[in-house]
There are 2 protein chains.
Amino acid sequence: MSRLRSTILETSLQLFDEHGFHGVTVNQIVAASGTSKGGFYHHFQSKDELLFVIHDTFITYVLKEAGAANVIHTSPTAKIQAVIHSFVKVFDLYKPHISVFYQESTYLKPAYEEKIKKKRDEFKDIIFGIIHEGQAGGDFRKELPLEVTAMAVLGMVNWIYKWYQQDGRYSIDEIAEVYIDLILHFLLPGSSEQLMRHMNKVPFFYDVK
Amino acid sequence: MSRLRSTILETSLQLFDEHGFHGVTVNQIVAASGTSKGGFYHHFQSKDELLFVIHDTFITYVLKEAGAANVIHTSPTAKIQAVIHSFVKVFDLYKPHISVFYQESTYLKPAYEEKIKKKRDEFKDIIFGIIHEGQAGGDFRKELPLEVTAMAVLGMVNWIYKWYQQDGRYSIDEIAEVYIDLILHFLLPGSSEQLMRHMNKVPFFYDVK
DNA sequence: CTTTACAGACCAACCAGTCGGTCTATAACT
DNA sequence: AGTTATAGACCGACTGGTTGGTCTGTAAAG
């Protein structure tokens with residue numbers, strides 16, 4: 001990959017992260033990259049392709065990591081820990097990519113969007129699969145509705161991009177540890193009776209055993 | 001409030017939700033609202049003001065609801081349940097507002113952004129406050145780092161806008177119940193020893209008592 | 001008669017993308 | 001070795017279409 005192409009990618013990533021895809025013009029990218037319109041369009045077909053490349057770089061990496069973490073462990077409990085850990089760590093490596101990924105995916109051209117959606121669904125399936133497997137095997141609480149629980153897990157992790165900063169109070173590894181703790185606390189079966197005394201009402205899904 | 005103004009707001013909300021703020025032109029809004037440029041600019045100073053109004057409507061409502069739920073209950077456990085419930089329910093009432101709120105806030109003009117940020121921080125403080133209070137009083141697990149835990153809670157709820165659909169498998173009330181269950185499971189003190197047997201490593205924050 | 005509500009033609013700015021052209025490097029030829 | 005041919009990398013003035021916003025006009029309301 002050419003030197004200039006990388007520069008354009010890095011520069012535009014920063015700019016998009018700060019001002020959003022539509023808040024940055026090709027001329028700005030070109031100026032900040034120390035090149036020209038010609039240089040830009042020599043390496044990218046369009047501004048939209050640039051957006052796609054950013055999306056693809058990130059989701060491809062996440063998918064690869066999650067797949068690996070999923071394979072090397074056997075029990076659902078070990079798997080979920082490994083996958084969450086690797087997923088959280090990504091926010092340290094790819095934060096600008098992720099901001100663009102979650103903020104600007106609306107603006108992907110249909111052909112590009114389809115490709116990204118496919119990979120994103122694959123990733124979602126890994127999470128869903130682990131939780132499902134855990135419930136089926138009795139490792140995780142069976143009464144939890146799979147879809148809602150899985151989306152809660154995805155949500156809490158995904159949201160990290162909105163607040164995480166590298167020089168913040170907690171390192172990315174520490175954050176991962178906290179998240180794993182939280183997730184295991186609601187996934188693993190425990191003293192439900194004790195908890196229910198504190199609840200305003202008995203949840204609708206508690207009749208499953 | 002005038003009839004046309006409401007129409008413009010509703011229409012643009014739908015359009016923004018579907019295509020994003022920059023994917024919709026003023027002409028499109030005007031056409032879909034059955035009015036004209038004159039009609040639009042009679043009610044709004046600019047497209048940016050429209051964006052602000054949408055933001056403000058939503059965050060003002062959330063803040064009011066959370067404040068109310070926070071006041072009528074006394075214990076942190078009851079408070080967090082009430083606040084989460086009211087918060088989750090908002091996603092049923094204001095889903096298009098929320099999509100715009102989380103997707104397009106980057107494009108708010110500085111003056112508008114400041115106002116919105118203020119209210120958003122107020123809301124965040126309510127959540128932080130409840131968890132802090134719960135930890136201080138011994139209702140919630142003291143070992144959990146406040147910031148990370150609170151952001152996890154906010155994240156899992158906020159992410160709902162990405163997947164919730166009114167005609168989905170679970171009602172918004174059911175989703176709220178699941179979320180409250182999950183959150184209480186990791187907030188309330190329980191059998192940590194039992195859980196730790198399943199953990200790949202001992203979390204860094206477990207030495208606090 | 002004044003004010004408010006809206007219509008729609010019009011405009012200036014902007015922006016993604018184009019296109020003819022230059023510069024450099026390496027290969028091919030003599 | 002010296003000269004020429006060719007390809008790829010990059011430049012930047014230019015354009016055609018679009019967009020947010022304005023301005024003048026008009027009809028109804030009070």
Take atom OH of Y41(A) and atom P of dT18(C), then tell me their distance rounded to the nearest Å.
7 Å
Just checking V24(B): base, sugar-phosphate only, or nothing, at a heavy-atom cut-off of under 4.0 Å?
sugar-phosphate
Please say whether the positively charged group of K162(A), taken as NZ for Lys or CZ for Arg, lies over the ring of Y102(B), i.e. under 6.0 angstrom from the six-membered ring centre and within 45 degrees of the axis.
no
Between the CZ atom in F205(B) and the CG atom in L144(B), the distance rounded to the nearest 0.5 Å is 5.5 Å
With sequence neighbours excluded, give me every salt bridge (Lys or Arg N to Asp or Glu O under 4.0 Å) pair touching residues 53-80 of chain B.
D56(B)-K119(B), K79(B)-E133(B)
Would you check if the distance from the ring center of H55(B) to the ring center of Y112(B) is below 6.0 Å?
no
When you compare the side chain of Y179(A) with that of V148(B), does any pair of heavy atoms fall below 4.5 Å?
yes
d(CG, N27(A); P, dG17(C)) in whole Å:
12 Å
Take atom CD1 of I8(A) and atom P of dC11(D), then tell me their distance rounded to the nearest Å.
9 Å
Using whole Å, report how far CZ of R3(A) lies from P of dT24(C).
20 Å
For F91(B), what residues pass the ring pair (Phe, Tyr, Trp, His ring centres under 6.0 Å) criterion, not counting sequence neighbours?
F87(B)
Sequence neighbours left out, what passes ring pair (Phe, Tyr, Trp, His ring centres under 6.0 Å) with Y61(B)? Give chain and number order.
Y94(B)
Separation of atom CG in D48(A) from atom C1' in dA16(C), rounded to whole Å
9 Å
Tested for ring pair (Phe, Tyr, Trp, His ring centres under 6.0 Å) against F101(A), the lone hit among F16(A), F58(A), F123(A), Y107(A) is F58(A)
Would you kindly give the OH-to-P distance between Y107(A) and dA16(C), to the nearest whole Å?
14 Å
Between the protein and nucleotides 2-6 of chain C, list the N/O to N/O atom pairs that are separated by less than 3.5 angstrom.
{"residue": "dA5(C)", "atom": "OP2", "partner": "H42(B)", "partner atom": "NE2", "Å": "2.7"}
{"residue": "dC6(C)", "atom": "OP2", "partner": "H43(B)", "partner atom": "NE2", "Å": "2.7"}

Rounded to the Å, how far apart are H22(B) NE2 and dC15(C) P?
11 Å
For Q45(A), check side-chain hydrogen bond (donor to acceptor under 3.5 Å, both in side chains) against everything at least two apart and list the hits.
none
Assign a letter to each nucleotide of nucleotides 24-30 of chain D from its 5' end: B, base within under 4.0 Å of a protein heavy atom; S, sugar-phosphate only; -, no contact.
-------
Under 4.0 Å: is that the gap between some side-chain N or O of K47(B) and OP1 or OP2 of dG20(D)?
yes
To the nearest angstrom, how far is F40(A) atom CZ from dT18(C) atom P?
11 Å
